[in-house]
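The structure under discussion appears below in the form of structure tokens.
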Amino acid sequence: MTCQYYTTPIYYVNAKPHLGHAYTSIAADVATRFKKMEGADTFFLTGTDEHGDKIVQAAEKENTTPKAYADKISKLFQDVLPLLNIENNHFIRTTDPGHIEVVKSVLATIYDKGDIYFSSYEGIYCFGCERFYQERELVDGKCPDHGTVPETIKESNYFFKMSKYQDWLIEHIETHPDFIRPEQYRKELLSFLKEPLEDLCISRPKTRLTWGITLPFDEDYVTYVWFDALVNYITALGYPDGDRFKKFWPTTRHFVAKDIIKPHGIYWPIMLKAAGIDIYNGLNVHGFWNVQGSKMSKSIGNVTDPVEVTGRFGVDAFRYFLMREMVFGLDANFTEDVIVARINSDLANDLGNLFSRVLSMNYKYFKGSIQGPAADSDKDLSLEPEATAALEAYTKAMAECRFHKALASVWELVSAMNKYIVANEPWALAKDPARTGDLGTVLYELLEGIRFVAGLIWPVMPETSGKIIAALGLELPEKGFFNLDAIRPWGQIPRGISLAKPQILFPRVDVEKKAVEPPAAKPLKPALKEEITIDDFSKIDLRAGKILSAERIEKSDKLLKLQVNLGTQTRQIVAGIGKSYTPEDVVGKEVIVVANLKPVKLMGELSEGMVLAASVKKNLVLSGFNGSPKPGCPIK
RNA sequence: GGCGACGUAGCUCAGAUGGUCAGAGCAUGCGGCUCAUAUCCGCAGUGUCCGGGGUUCAAUUCCCUGCGUCGCUACCA
């Protein structure tokens with residue numbers, strides 16, 4: 001029996017689940033369900049990543065412990081799974097005691113082998129902020145927050161010798177075309193690997209972070225993210241001795257979004273190699289969902305809640321939309337218009353209406369009783385070739401994670417059936433008693449086609465699949481799904497049984513409200529940031545300034561060092577306008593200055609403020625006045 | 001700035017070792033049917049396949065370059 005192990009990333013518990021999480025999980029779920037239909041033994045893992053500084057801070061904000069905070073958010077991720085009809089075999093948490101043990105043992109193995117070394121480096125550290133600073137971040141050599149002079153301290157950490165395995169990894173990727181799919185991401189990783197890899201810092205001293213897994217070879221350090229998180233994939237299978245590990249690990253494919261291909265495509269295989277563990281089979285990389293044409297982000301306020309969308313449109317419609325609309329690997333756009341269009345045209349009009357018209361005719365003409373093909377049936381009436389063709393195309397596409405194509409193939413069958421009805425005009429056959437046999441055949445062929453469709457859509461729309469099967473008077477197999485081979489044989493629906501009047505599978509989503517609404521203004525590009533109050537705005541101190549002098553900063557093609565007169569004082573401001581202006585251009589210009597911006601060092605030069613400029617594609621256009629205000633006067 | 005991806009009908013996007021590769025769905029217009037969730041079926045389109053060079057008998061498809069969008073990264077302020 002073939003096996004298949006699929007995983008989603010473990011989701012970081014710093015925010016609740018959004019559309020992107022839902023997509024990855026649903027894609028992995030669909031792939032898993034499909035493998036089951038092929039007869040494979042599957043294991044599907046998802047979970048949460050719970051250690052690290054951000055969690056400590058978030059917990060402090062809520063006046064609770066990191067563990068309690070992680071419990072709370074992790075539960076949100078667990079609770080969303082049944083709502084999305086995701087059938088995971090296990091849910092792993094990086095705070096699970098078993099996981100912690102495996103992380104330690106993997107680290108110990110690599111340490112013993114000599115691929116982890118201890119190294120110290122000097123850095124400038126502010127004890128108030130509990131963090132290192134780069135030279136350029138300091139203001140007059142002082143911490144920008146505390147105004148104190150940070151201390152130069154030596155910190156030591158453990159490093160993992162990734163560089164040692166770089167050539168091996170390149171070789172592996174080049175000789176395994178399926179290791180990273182789709183192809184564009186394989187190219188991308190190979191291009192990363194053209195540069196020498198730096199060794200990976202894998203620890204944090206406990207003086208700085210305690211919410212983590214203690215290193216097995218040094219009590220004073222905890223792991224920093226990489227080993228802590230990635231190792232979950234083997235923990236969940238019972239590494240090192242579990243039967244599941246032996247059985248499933250070689251078949252592993254990780255589903256990840258494109259932003260985390262480096263840790264998964266570079267760090268993780270090298271970690272496994274160093275630990276003497278066979279590496280996984282490969283990575284399935286998908287793109288991002290944009291919402292209303294913009295990247296999802298808290299500040300824009302377009303973070304989409306999958307629970308809310310599911311509540312409005314239904315879980316099957318949501319799953320269908322995600323799988324049908326996105327080309328796996330590429331970005332896609334999520335807007336209400338698009339999902340409504342998909343639901344109405346594909347689900348309500350094409351499939352739902354097909355189901356409705358066929359069962360209605362069967363009810364109307366035969367009181368619901370299934371006739372079956374007439375003995376003297378004309379072979380030309382068979383829909384089997386179309387159904388078989390759909391199944392073949394669907395199977396091929398699903399195996400390659402080309403979910404949109406797989407569904408399109410099924411819809412070709414749906415469309416063929418709608419054409420078949422028009423071509424054969426059952427309503428005309430019904431008027432001619434001599435042609436009752438043909439009518440029975442036509443309806444039977446259609447019912448069989450619908451049975452086929454119900455089977456093929458099961459991975460994506462399990463609820464609908466079950467509804468249709470039930471409406472056809474069939475029973476789902478014990479395991480709850482059809483094997484592909486069980487779907488294939490044509491003519492399975494028993495004759496003589498009676499079917500009820502059809503229900504509505506997918507109601508059309510009414511969009512009339514939209515038409516009544518006044519046409520919405522086109523969103524600004526880039527998308528508008530989060531709304532602020534006048535109080536927020538008043539925190540920004542804008543002043544009129546006059547540029548007294550300007551010079552280029554060496555080695556920078558973008559930065560100009562300006563001396564700006566603000567009336568009673570002259571400020572040095574470093575501005576990134578060097579591509580659009582020469583120093584001569586700007587001397588004498590009157591500009592708007594953000595006067596209370598925290599000073600920073602850029603390329604070693606102090607910048608005490610910011611001059612405002614319009615950003616026109618790659619060019620900047622300096623702000624100015626309609627007149628000549630006194631330098632230093634406030635702007636409101 | 002560096003690296004990478006992408007740029008194809010009004011919209012969303014497929015597509016090919018270079019030669020029926022100029023496509024699908026949606027939206028639009030017209031026609032048909034009446035079993036059906038005012039659903040379905042048929043017909044009709046429009047495209048310098050981002051611009052410019054190059055390789056070739058032949059390029060939308062390969063190479064170079066420019067522009068634009070996006071992602072990662074960097075000296076974003």
Side-chain angles (χ1 to χ4, degrees), chain A residues 134 136 182-195 257-262 287-288 290 293-295 324-327 329-333 335 337-338 340-342 344-365 402 404-405 407-408 411-412 414-415 417-430 439 442-443 446 501-510 525-526 553-559 573-579 593-594 597-605 607-613 615 617-618 620:
Chain A
Q134 298 288 316
R136 62 180 180 84
E183 182 67 15
Q184 67 253 37
Y185 296 109
R186 181 163 166 268
K187 277 189 198 152
E188 205 168 322
L189 269 197
L190 282 171
S191 126
F192 285 142
L193 286 168
K194 280 180 190 153
E195 300 296 316
K258 65 181 184 181
D259 57 336
I260 51 174
I261 56 175
K262 259 197 215 176
F288 285 158
N290 295 318
S294 306
K295 193 181 173 183
R324 179 63 184 81
E325 191 69 16
M326 177 176 264
V327 178
L330 303 180
D331 292 356
N333 198 14
T335 69
D337 285 355
V338 182
V340 167
R342 277 281 172 216
N344 284 345
S345 82
D346 295 2
L347 298 182
N349 295 352
D350 290 349
L351 175 59
N353 184 57
L354 172 70
F355 172 82
S356 176
R357 66 199 303 207
V358 171
L359 270 85
S360 290
M361 285 191 279
N362 192 63
Y363 191 82
K364 200 165 184 168
Y365 301 145
R402 318 229 298 176
H404 76 290
K405 258 199 148 173
L407 288 168
W411 256 253
E412 277 184 28
V414 169
S415 177
M417 289 164 76
N418 275 320
K419 292 186 201 346
Y420 177 90
I421 293 174
V422 172
N424 290 296
E425 300 186 306
W427 50 91
L429 298 178
L439 178 60
V442 165
L443 291 184
L446 287 165
K501 274 188 182 174
Q503 330 137 286
I504 298 284
L505 236 35
F506 296 99
R508 279 182 64 86
V509 179
D510 201 352
K525 263 194 114 177
I553 291 180
E554 241 186 284
K555 282 188 291 184
S556 167
D557 43 6
K558 225 183 201 176
L559 299 182
I573 293 176
V574 177
I577 55 174
K579 283 257 163 128
V593 173
V594 182
L597 192 65
K598 186 159 90 176
V600 291
K601 269 195 177 177
L602 296 169
M603 291 293 281
E605 294 288 350
S607 180
E608 308 167 289
M610 169 174 167
V611 294
L612 298 188
S615 170
K617 299 192 176 171
K618 279 189 177 169
L620 293 173

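Chain naming here is simple, since letters A, B, ... match the order of the sequence lines and numbering starts at 1 in each.
Atoms CG and CE, on A:L351 and A:M417 in that order, are 9.0 Å from each other to the nearest 0.5 Å. Here A:D346 contributes atom CG and A:E325 contributes atom CD; the two are 9.0 Å apart, rounded to the nearest 0.5 Å. Taking CG from A:L429 and CG from A:N424, the interatomic distance works out to 7.0 Å, rounded to the nearest 0.5 Å. For the atom pair CG of A:L330 and CE of A:M326, the computed distance is 8.0 Å after rounding to the nearest 0.5 Å. Note that the CG atom of A:N344 and the CZ atom of A:R342 stand 12.0 Å from one another [nearest 0.5 Å].
In this entry B:C21 has no Watson-Crick or G-U wobble partner, no candidate having both defining distances under 3.5 Å. A 3.5 Å limit on both hydrogen-bonding distances identifies B:G54 as the Watson-Crick or G-U partner of B:C62. When both distances must be under 3.5 Å, the Watson-Crick or G-U wobble mate of B:G71 is B:C3. A 3.5 Å limit on both hydrogen-bonding distances identifies no Watson-Crick or G-U partner for B:A36. Base pairing of B:G47 is not made with any nucleotide, judged by Watson-Crick or G-U wobble geometry with both donor-acceptor distances under 3.5 Å. Across the strands present, B:C26 finds its partner in B:G10; the criterion is a Watson-Crick or G-U wobble pair with both atom distances under 3.5 angstrom.
The closest side-chain heavy-atom distance from A:F355 to A:L446 is not below 4.5 Å.
Here the separation of B:U55 from B:C30, taken at their C1' atoms, is 47 Å to the nearest Å. For B:G2 and B:A74, the C1' atoms lie 7 Å apart once the distance is rounded to whole Å. B:U12 sits 29 Å from B:G52 when the C1' atoms are compared, rounded to a whole Å. For the P atom pair drawn from B:C62 and B:A16, the interatomic distance equals 11 Å after rounding to whole Å. The gap from the C1' atom of B:A5 to that of B:C41 amounts to 41 Å, rounded to the nearest Å. Between the C1' atoms of B:G29 and B:U65, the separation comes to 43 Å (whole Å). Separating the C1' atom of B:U69 from that of B:C13 is a span of 16 Å, rounded to the nearest Å. Taking atom C1' in both B:U37 and B:C6, the straight-line distance is 39 Å, to the nearest Å.
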Can you build the contact string for nucleotides 10-16 of chain B? Use B for base contact, S for sugar-phosphate-only contact, and - for no protein heavy atom under 4.0 Å. --SSSS-
Using a cut-off of 4.0 Å between protein heavy atoms and nucleotide atoms, how would you tag nucleotides 35-45 of chain B 5' to 3' with B, S and -? BBB-SSSS---
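Of the residues near RNA chain B, A:R324 and A:K262, the one whose nearest nucleotide (by heavy atom distance) lies more toward the 5' end is A:R324.
At a threshold of 4.0 angstrom between heavy atoms, the contacts of A:G609 are confined to the sugar-phosphate backbone, with no base atom among them.
Rounded to an integer number of Å, the gap from CG of A:N290 to P of B:G7 is 15 Å. As a whole-Å value, the separation of A:D259 CG from B:U73 C1' is 14 Å.
Note on residues 353-363 of chain A: pairs passing side-chain hydrogen bond (donor to acceptor under 3.5 Å, both in side chains), not counting sequence neighbours, are A:R357-A:N418.
Residues satisfying the side-chain hydrogen bond (donor to acceptor under 3.5 Å, both in side chains) test with A:D331, not counting sequence neighbours, are A:K258. For A:E412, there are no side chain to side chain contact (heavy atoms under 4.5 Å, CB included) partners two or more places apart in sequence or in a different chain. Among residues two or more places apart in sequence or in another chain, the salt bridge (charged side-chain N to carboxylate O under 4.0 Å, His left out) test is passed with A:R402 by A:E400.
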